[in-house]
Each structure stands twice: as structure tokens, then as C-alpha cells.
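Heads up: the structure comes next, in C-alpha cells.
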There are 2 protein chains.
Amino acid sequence: MTVTIKDVAKKAGVSPSTVSRVLSNHPRISLETSRKVKAIMEDMGYTPNMMAKSLVSKTTNSICFSLPKPAEELFSNLFFMELIRGIVTQASRSGYDVLISSGANEKEELEAVSRLLKGRRVDGVILLYSRTDDAVIDFLESNDYPFVLVGRSDRYENILSVDNDNVMAAYDATNHLISMGHERIGFVSGPPNLIVSRDRLAGYRKALLNSGLEMRDEWIVEGEFLQDSGYRAMSFFMNLPNRPTALVAVDDMVSFGILRGLNELKYKVPDDLAIVSFNNIPLSELSSPPISSIDIGIYHLGYTASQVLIQNIKSPNHDAGYTNRFVIPHRLIVRESSMYSHAKNKTE
Amino acid sequence: MTVTIKDVAKKAGVSPSTVSRVLSNHPRISLETSRKVKAIMEDMGYTPNMMAKSLVSKTTNSICFSLPKPAEELFSNLFFMELIRGIVTQASRSGYDVLISSGANEKEELEAVSRLLKGRRVDGVILLYSRTDDAVIDFLESNDYPFVLVGRSDRYENILSVDNDNVMAAYDATNHLISMGHERIGFVSGPPNLIVSRDRLAGYRKALLNSGLEMRDEWIVEGEFLQDSGYRAMSFFMNLPNRPTALVAVDDMVSFGILRGLNELKYKVPDDLAIVSFNNIPLSELSSPPISSIDIGIYHLGYTASQVLIQNIKSPNHDAGYTNRFVIPHRLIVRESSMYSHAKNKTE
DNA sequence: CTGTGTAAAGCAAACGGTTCCATAAGGAGG
DNA sequence: CCTCCTTATGGAACCGTTTGCTTTACACAG
């Protein structure tokens, strides 16, 4: 049926070990034997059985990208697409396969990851975000499995992670609005247990503080990274007596929701409300008006995560002291949603 | 280190075979032993080694989703996201893992698929599209590996495939424009070697023919499933002396390109040009104006593909005569890009 | 001519399971 | 009381590789 190393060995008149050594370019194999065996392998269409190989080498040449929520929900954000794109591209270049796993909740995610890792189906994991409290990270840490976080954790210091400087990013975004003359700026945040939400909120606050602008609690609302949250936030803000003239939204999807709502109410962007958000997903420039966004290099984030993880799998440099936090630069992309604003005209 | 079946056996005072049987709920194990062993497994934190299991069972409980192009390029289309979403969701429900693989070209794809299948790393493959001539399919067919096609092949009859009725879908899309009063309708096609392009083109032609409308070769342009193609097609069409008043585009991404171009030139949609395209990706309703699109149930396509594949892996019903082509229904979603058109007013 | 070093290849024991076959212990039937 | 089944378990081979330890065969120095 399938041709194994033994079949090749028999045909070549050598032992299986010799064939195995030919395969791995062992130095102590004569050129002659090597050539002969290789020819026969080619001839018989031999392909190594990865399972057998993995069994003995305890290595699988594949990594897992684990999603904290059911695939259904998460994938609606283009963010993940970009991330996967980066991960798969890099992994494939390093000769690694990528396995996508997802659970309905944190418990299921833990089960899946544990099964894959303990069952030796993957060598390491790429994790997304970081809740402030995370059983999956605990598991990975205490079992010493290779993993990298896209995002960061505030609980552990020595965790390998790839992230943006979200505080700075939000600072930049907010400052941009300030420089356009806005003085009442609101913030649509994400789930408060996500560090990314808190970092961005912190950056927003820092910018306001820095410019001596008013900071009101009612100008900050929490939501999910979904359109709906934006929609709801919008209607809340627009009903405020002294409403903001500009909004920083934690994710582009949120902006789309805001846009949709504003559109329905015939408000104009950016004249009635200017918007800047984060992530700069491929859609941001397609909406109307196009949304100003902080490009956080999602693809790059994924690419780097994969690279760092695989590097760590290959040589677990547990020497503390090395860099273990990789910061991907961001940059503000100004588009129509925050240009020529009413507020700006006022101040000029 | 890791706890194996033997460790459990030793601690339980039984043989490894007994533990193995407990694991697989073998009927001839006493309830008592079963309970005891299970308790000990739990206690020691035993997780079966998938590699070892796979080695003997020749089964991996995972499938591969193979992408014909480098991940970089392909993933820019939200189509894949949706597809993966469906695949991963269903596979995970069936207890299967999904591996994403991609090559830079057909040859690389073949290599990857062959490596995964012959190396027994996955049990089956989901393939995308179908070129009219496909080495990968040849390989899979002749080696009798389980696989399912998303799309269809015109060369083979007994291939498992999940698809839409693209001819009908294009017919519906075109008829919709015709019913809005358009008489000069153009078509932006995809690569001519893809069957989906040809089917949609055929449906477009059929609709025109059916209504006795003029059919011009210059009203049909070919491109990729990318924004750029739309952009280019747009500038070509708009420079035509007797230009179409409406366009059918083979993919939503193409429409976005058209929209962008039209926007730059200050043309209005749908007044200057009405648009209908295919796939109804999550963005279609977010663009401005929102795009009319044929919803082909991408998620459903992926979900079904996974289901059919796994079913086939579990029990290779090679009885010809069974259904092997699954058709996912489509439906037209009419949005602003094809409503209230100038052309319509003209005829009313 | 014997001893030693070295290159090339073989042997066999893992890796962690599964499964066919054998065995032991009871219980039933003669 | 002795067979014959049945049921619950153990033993061992095997899945396809890798790899440490030998073995073989020379070549060369003493």
C-alpha cells in the first residue's frame, strides 16, 4: 500500500536506519549510498509518515491559532482574517502548518488547547488578546508550553507577546482630533476586561489631560468590538445635552455602527461628529465617508507572532533578559471621517 | 514527564490494553475496572497522545483546507473568511481539527496537499474552486483520497462537491437589472479558467438572450476577484462611447473597486451606473452605497463542505449513484446600488 | 602481524497506542 | 465432577520512524 522506509530499505538492500539517515542528511552516509537510496525513494514515491516521525521526535511542525470565541462570532471582524493571513504566511515559510481552533468560551478554549498540546498535535499556540485573568495562560505557563500572545498580559512579565503600544496609539488618535479643533471628545471602549480596551482608554485620557480638555465619564461608553456597540453608543451620545463633537472608537467595526446610525439620522460625518478608530481593517477606506483609523499592522502582528513562536519552539531561549515583548509600530491614517470638521472651522 | 497509558495501567494495577479498552468504551470491560481506571486517568491528568493513536489507526481527525494561492493574496477577500468560518465551525462540532494550507501556485499546492495526505497528517482535503484543469484533483482522485470541492469540476463526474447554481445566480442578477429597466448591461468576469467565472458569464448571457437584449463583447471584461480589477473595468466601461448603464460583477470585491473609481470620478451609483455582484460578503451592506449582491451562502458552503468531507472520511460511500453534488441555494439581496436607477425612471 | 582509529552501515529498543490471540475464572449444562 | 462457554483481562506484535550502540571493514602506525 503506502511505501514505508522499510520498503525503500529492502529495495535498496540497506537497513531502515540507513534510509532514515539518508533522509536527514546524516554525515556518516556515503555519497554513493545516499544517491542510490534517494533515487529509490523518488522512484517508489516515498513520503515520510509524519505521525511516526512526530511520535518519536515529539515534534509536529505545526502550531495552533486559538480563538477565544466561537468561530461564528469572531470571524465577522476582518481583523482576524488579516491576522490569520500573517500567521499562515509566515508559518508556511518556516515549514509549519497552522491549525485553527476555537471554543465557545474560555473553558472550551482551554480544553481544546490542552488537548492539542498535551496530545502532541501541535508544538505551540498563538493566543489572542488577553483578558486580565486567563486560565489558558495559566495552563500554558505552568506546563511550560511554547506560546505567544497577540496583545499583552499585565499579570505576567515574561510572557512572549506581540503587541502595539495601544496607549500611545490612542494618545495619537485623540491628539489628532484635538489638533482638528475638537474640545469635546468621546470614547467608545471595548470590554473592560480586555487589556487593549483599557490601554486605549488610558491613551485617550492621557491626551485629554495633556491638553487640559474636559474629561467626562458620560463621554465614555463600553461595548463590544462589533457594529452594534457603535450603533448604540451613537444614539447615546447624540442624545446628550452637551454632546461630543468627535469620537474615538476602539475598533473600526464600532465606527461602522456609528456611521450607520448617523446616516439613518441624517447626521453628517465629520461635520456633526468626527470619528477616528483603530485597526484600519481593509474596509475602513471603503465606507462612506472613509474612516480615519490607526493602522496597527494586523498582518504584521500575525506574521511576527508566528515568527516569534516558531523561533521559540525551535530554541526555547528561556534566558530571561531577552526581549519578550515585540511592539509593532502603528500609524494614523487620516481619512474623511476626521477632516474639515465643523469644529475645525470654528477655531480657525 | 507526560503521563502515558502505561503509567495509568501501572497505577491502576491493570495492563495497558485494559486502559486502552476503557478509553474506547470497549464492551467487555467490567464497570468496576472502567470506573477505577477512569478515576486514575482523571487523577493523573492523562491525555492520549494523538500521534501514537494516529500512527496505528491511520487516522488523524483533522482535515485540511487548501488554498490555491499564497495566503497574502487570497485572504484579502472576505469570502475566505466566511468559508473558513463555516468549515471550522462544522469541523469542530464533528470533533475534527482544521489545518490551513496554501501554496504560491498549483504546483506548490499539490506538494503541500500531497505531503499532508501521504504523510498522514490529515484525513481529507477541502479544495477551492476548480480550474478547468487541475493537477491537484488528478492526484486526489487517482490516490483515492477523500476530498470535496467548493465549486465544481466539469471534467469529472463523481467528484464530491458543494456549489451554487452559478448560472442561475447570474441569470437572476442580470434579470434583476433588466427588470429595473436597464438595457445596456456589462459584465466584469473573473479568470476565464475558473468554472465559476464561466458559469456566471453563461447566466448573464442567458438572461440577455432571454430578454432579447443586445450582447456586446466589449461589454464583457475579465479580471481577478480583486478590487483593482473592478477599478480598471470601471475606467474601461466609462470611456466607452455607448457605455452600459448597469454592471454585473463576478465578486463583491470587484464592486468595491468599481465604486471607488466611480467615486473618484464623481459618478453616482446607481444613477450613472447600477451594480449587482456576487457573494454578499459581510461588507456589501457597509459600502456606500450598499451593494446589491447575490448571497450564495458562503458560510453554508463551508459548513456543508466540511460536513460532506467528514462524512465521507468516516464512511467512504463510494456507491456511485448517490448524490455527490450539493447545491447551496442563493438569493438576491437588493440594495441601493441597483435601486431607483436613472434607467428605471426612463422606462417608467 | 597485531593493535587502534575511523568511516559506513546494521541491530534493536524506544515513542504511545491498538488489537488479535491467549488465558484465567466463573457459571451453566450434562 | 468434568467439559464448554462467556466474560474480563493480560501478553505481545505492530504502526513507521529515530537513534544509541554495535559491528564490519579497512587503513595505518607501531
Problem - Polar side chain donor-acceptor pair, Ser17(A) to Ser20(A), under 3.5 angstrom - result: no
Handout entry: Side chain to side chain, Val308(B) and Phe326(B), heavy atoms closer than 4.5 Å
Key = yes
Problem - Whether Ser54(B) side chain and Thr59(B) backbone form a donor-acceptor pair below 3.5 Å - result: yes
Practice task
Apply the side chain to side chain contact (heavy atoms under 4.5 Å, CB included) test between Val14(B) and each candidate in Val37(B), Val22(B), Val8(B); give the one that qualifies.
Solution key: Val37(B)
Practice task
Please give the angle, rounded to 10 degrees, between the axes at the start and the end of the helix from dC1(C)-dG30(D) to dG30(C)-dC1(D), where five pairs define each axis.
Solution key: 70°
Handout entry: Among Leu140(B), Leu309(B), Ile310(B), side chain to side chain contact (heavy atoms under 4.5 Å, CB included) partner for Pro146(B)
Key = Leu309(B)
Completion exercise
In numerical order, the residues of residues 41-51 of chain A whose heavy atoms come under 4.0 Å of DNA chain C are none
Exercise for the section: With heavy atoms under 4.0 Å as the rule, sort Lys6(A) into base, sugar-phosphate or nothing. Expected result: base
Handout entry: Beyond-backbone contact of Tyr299(A) with Leu83(A), side-chain heavy atoms, under 4.5 angstrom
Key = no
Practice task
Of all the heavy-atom pairs spanning Ser161(B) and Gly151(B), show the shortest one and how long it is.
Solution key: CB-O, 3.3 Å
Fill in the blank from the handout: Note: chain B reaches DNA chain D at heavy-atom distances under 4.0 Å over the stretch, first to last nt, 5' to 3', of dT7(D) to dG16(D)
Practice task
Please name all residues satisfying ring-ring contact (aromatic ring centres under 6.0 Å, His included) with Phe139(B), sequence neighbours left out, ordered by chain then number.
Solution key: Tyr145(B)
Fill in the blank from the handout: Here the pair of heavy atoms bringing Ser306(A) nearest to Ile87(A) is OG-O, 3.6 Å
Exercise for the section: Examine distances only and state if a side-chain atom of Glu106(A) and a backbone atom of Ala135(A) form a donor-acceptor pair shorter than 3.5 Å. Expected result: yes
Completion exercise
On a heavy-atom basis, the closest approach of Val162(A) and Ala305(A) is CG2-CA, 3.7 Å
Practice task
I would like to know whether Glu111(B) and Lys107(B) meet salt bridge (charged side-chain N to carboxylate O under 4.0 Å, His left out); could you show each step before the answer?
Solution key: CA-CA 6 Å; Glu111(B) 267 166 26; Lys107(B) 178 153 169 285; 3.7 Å; yes
Handout entry: Electrostatic pair Asp123(A)-Lys314(A), nearest N-O below 4.0 angstrom
Key = no
Exercise for the section: Identify the 5'-most and 3'-most nucleotides of DNA chain C with at least one atom closer than 4.0 Å to a non-hydrogen atom of chain A. Expected result: dA7(C) to dG16(C)
Handout entry: Lys/Arg N to Asp/Glu carboxylate O, Asp97(A) vs Arg115(B), below 4.0 Å
Key = yes
Fill in the blank from the handout: Between Gly45(B) and Lys118(A), the two heavy atoms sitting closest are O-NZ, 2.9 Å
Exercise for the section: Could you identify which residues of residues 13-40 of chain B place a heavy atom less than 4.0 Å from some atom of DNA chain C, listed by residue number, or say none? Expected result: Ser17(B), Ser20(B), Arg21(B)
